[in-house]
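Contents: one structure, followed by commentary.
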Amino acid sequence: MRKPRMILFDYGQTLVKEVGFESLEAEEAVLSRAIKNPYGVTAQEMIAFDRELNKEIGRFTKDTMDDYKLEVHNHPYQRFLYEYFGLEFKEDPYEIEQLFWDTAAPGVPTDGIKEVLNYLKENDIRVGVISNISFSGEALRRRLASVLPKYDFEFILASSEYVFRKPNKFLFQLALRKAGLQPNDVWYCGDNLNCDIFGASEAGIFPIWYTGANKTGGFDYLEDCEASHPDIPLCKVEDWYQFIDFLKETD
């Protein structure tokens with residue numbers, strides 16, 4: 001196997017690790033910026049209504065996520081949510097979105113990812129990002145610039161900006177067109193077997209399954225995935241240092 005000309009990465013738990021999602025603190029932070037709150041809505045009431053809305057569109061529930069193929073952009077979603085309660089802000093939607101995300105789920109680099117990115121830069125291997133995320137592409141760019149400030153990604157594809165979600169092959173095909181490369185020139189790194197590994201493989205891109213993110217949380221994710229593991233070419237690494245070793249072994 002030869003070295004790739006470009007490696008694409010998933011965002012969450014692959015490039016950046018987020019631990020938990022503190023909805024209550026995030027809604028309280030947003031409400032603290034409201035200049036109008038005519039109904040006196042509380043953070044708890046916001047969360048309850050948010051859950052109702054997500055259930056209506058089939059997001060973020062165990063029973064529906066596998067069938068959730070299209071992405072809802074966060075800006076029209078938050079516009080409905082906030083206007084429903086008559087909330088008004090001095091800040092623009094990007095600032096409110098960033099405040100919510102940074103409060104709910106601050107991120108840190110995954111262990112060893114900086115070393116991977118340094119190796120790729122030193123060896124002139126291009127890098128990009130494809131992420132399933134409802135936050136705006138701008139919010140994702142800001143997050144990556146904040147957590148990994150020394151690294152330039154050639155492009156960042158947020159599903160919120162492009163309708164489709166992984167594992168849909170169209171996102172991967174779009175990335176190939178933006179890169180001007182053929183599938184056999186590109187690898188894709190991600191932690192989710194269905195969205196990342198199946199999706200990349202379906203598009204003809206060699207997948208790297210990063211399993212390090214799935215070893216915490218007290219659940220049998222890896223065992224469940226192994227039980228349904230397809231016979232497709234891939235590289236599975238438990239940490240990013242193993243991935244560097246794998247890259248060094250390629251021609």
Side-chain angles (χ1 to χ4, degrees), residues 4 6-18 21 54 57-75 77 101 105 107 110 113 116 126-141 143-144 147-148 153-179 181-214 221-222 224-226 228-237 240 243:
M6 185 172 199
I7 296 181
L8 301 170
F9 291 89
D10 170 51
Y11 161 74
Q13 311 306 103
T14 300
L15 286 171
V16 176
K17 178 170 59 178
E18 297 178 359
F21 197 89
N54 278 308
I57 61 178
R59 287 203 304 177
F60 309 134
T61 66
K62 183 178 179 181
D63 296 332
T64 61
M65 278 303 293
D66 286 344
D67 296 322
Y68 186 58
K69 306 301 183 187
L70 304 180
E71 193 69 82
V72 174
H73 195 291
N74 189 50
H75 284 197
Y77 181 83
W101 189 11
T110 53
I113 195 61
V116 169
R126 299 155 61 187
V127 291
V129 177
I130 308 177
S131 175
N132 277 357
I133 193 166
S134 60
F135 292 118
S136 67
E138 178 59 24
L140 180 55
R141 281 186 287 273
R143 170 58 65 91
L144 287 168
V147 179
L148 296 167
F153 297 97
E154 191 168 314
F155 55 78
I156 298 170
L157 300 185
S159 59
S160 60
E161 307 287 350
Y162 295 98
V163 181
F164 299 103
R165 287 173 55 85
K166 298 176 297 183
N168 193 299
K169 64 182 180 181
F170 290 127
L171 269 181
F172 294 98
Q173 290 175 346
L174 174 61
L176 291 173
R177 285 179 174 256
K178 291 179 77 69
L181 296 173
Q182 296 300 312
N184 60 2
D185 291 321
V186 180
W187 293 0
Y188 184 82
C189 299
D191 67 297
N192 185 287
L193 186 68
N194 180 52
C195 294
D196 299 324
I197 306 311
F198 293 179
S201 180
E202 180 70 16
I205 296 172
F206 184 67
I208 308 297
W209 187 16
Y210 170 61
T211 63
N214 302 311
Y221 179 85
L222 290 180
D224 292 342
C225 288
E226 292 287 0
S228 61
H229 195 288
D231 186 19
I232 61 172
L234 60 81
C235 171
K236 184 169 70 170
V237 295
W240 287 123
F243 179 54

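Predicted, not measured: the structure shown is a model, and the values here were computed from it. Hydrogens, waters and symmetry mates play no part in the numbers below; they use all other heavy atoms, side chains included.
In terms of heavy-atom proximity, Phe172 sits nearest to Asp196 at CZ-O, 4.2 Å. Smallest separation of non-hydrogen atoms from Ala213 and Gln13: CB-O, 3.2 Å. Of all heavy-atom pairs spanning Asn132 and Glu71, the tightest one is C-OE1, 4.1 Å. Between Gly137 and Ser160, the shortest heavy-atom distance links the atoms N-OG, 3.9 Å. Nearest approach of Leu70 to Arg165, heavy atoms of both residues: O-CD, 3.6 Å. Residues Ser159 and Ile133 approach most closely at OG-N, 2.8 Å, considering heavy atoms.
Contact of the Val186 side chain with the Pro4 side chain is not registered, since no non-hydrogen atoms from C-beta on lie closer than 4.5 Å. Inter-residue side-chain proximity for Pro167 and Asn194 is flagged as met; some heavy-atom pair is nearer than 4.5 Å. Contact annotation: the side chain of Ser201 never approaches that of Leu234 to less than 4.5 Å [non-hydrogen atoms, C-beta and beyond]. Side-chain atoms of Ser134 and Val72, non-hydrogen and from C-beta on, never get closer than 4.5 Å to each other.
Here the side chain of Arg126 pairs a donor or acceptor atom with the backbone of Ala179 at under 3.5 angstrom. Formation of a donor-acceptor pair under 3.5 Å by the Thr110 side chain with backbone atoms of Thr14 is found in this model.
Taking the ring pair (Phe, Tyr, Trp, His ring centres under 6.0 Å) definition, one finds that Phe9 meets it with nothing, sequence neighbours left out. Every residue two or more places apart in sequence or in another chain that forms a side-chain contact (heavy atoms from CB on, under 4.5 Å) with Gln182 is listed here: Asn184, Asp185. Residues passing the ring pair (Phe, Tyr, Trp, His ring centres under 6.0 Å) test with Phe170 are Phe164, sequence neighbours excluded.
Taking CG of Leu174 as the start and CG of Asn168 as the end, the distance is 11.0 Å to the nearest 0.5 Å. We find the OH-OH distance between Tyr188 and Tyr210 to be 14.0 Å, quoted to the nearest 0.5 Å. Summarising the geometry, atom CZ belonging to Phe135 is positioned 9.5 Å from atom NE2 belonging to His75; distances are rounded to the nearest 0.5 Å. Here Tyr162 contributes atom OH and Leu171 contributes atom CG; the two are 9.0 Å apart, rounded to the nearest 0.5 Å. For the atom pair Lys178 NZ and Leu176 CG, the distance stands at 12.0 Å (nearest 0.5 Å). Separating the CG atom in Leu15 from the CG atom in Asp191 is a distance of 10.0 Å, to the nearest 0.5 Å.
For the pairing with Lys166, the side chain to side chain contact (heavy atoms under 4.5 Å, CB included) check across Ile197, Asn192, Asp10 returns one residue only, Asp10.
Within 6.0 Å of the CD atom in Glu18, the count of heavy atoms belonging to other residues, nucleotides or ligands exceeds 12.
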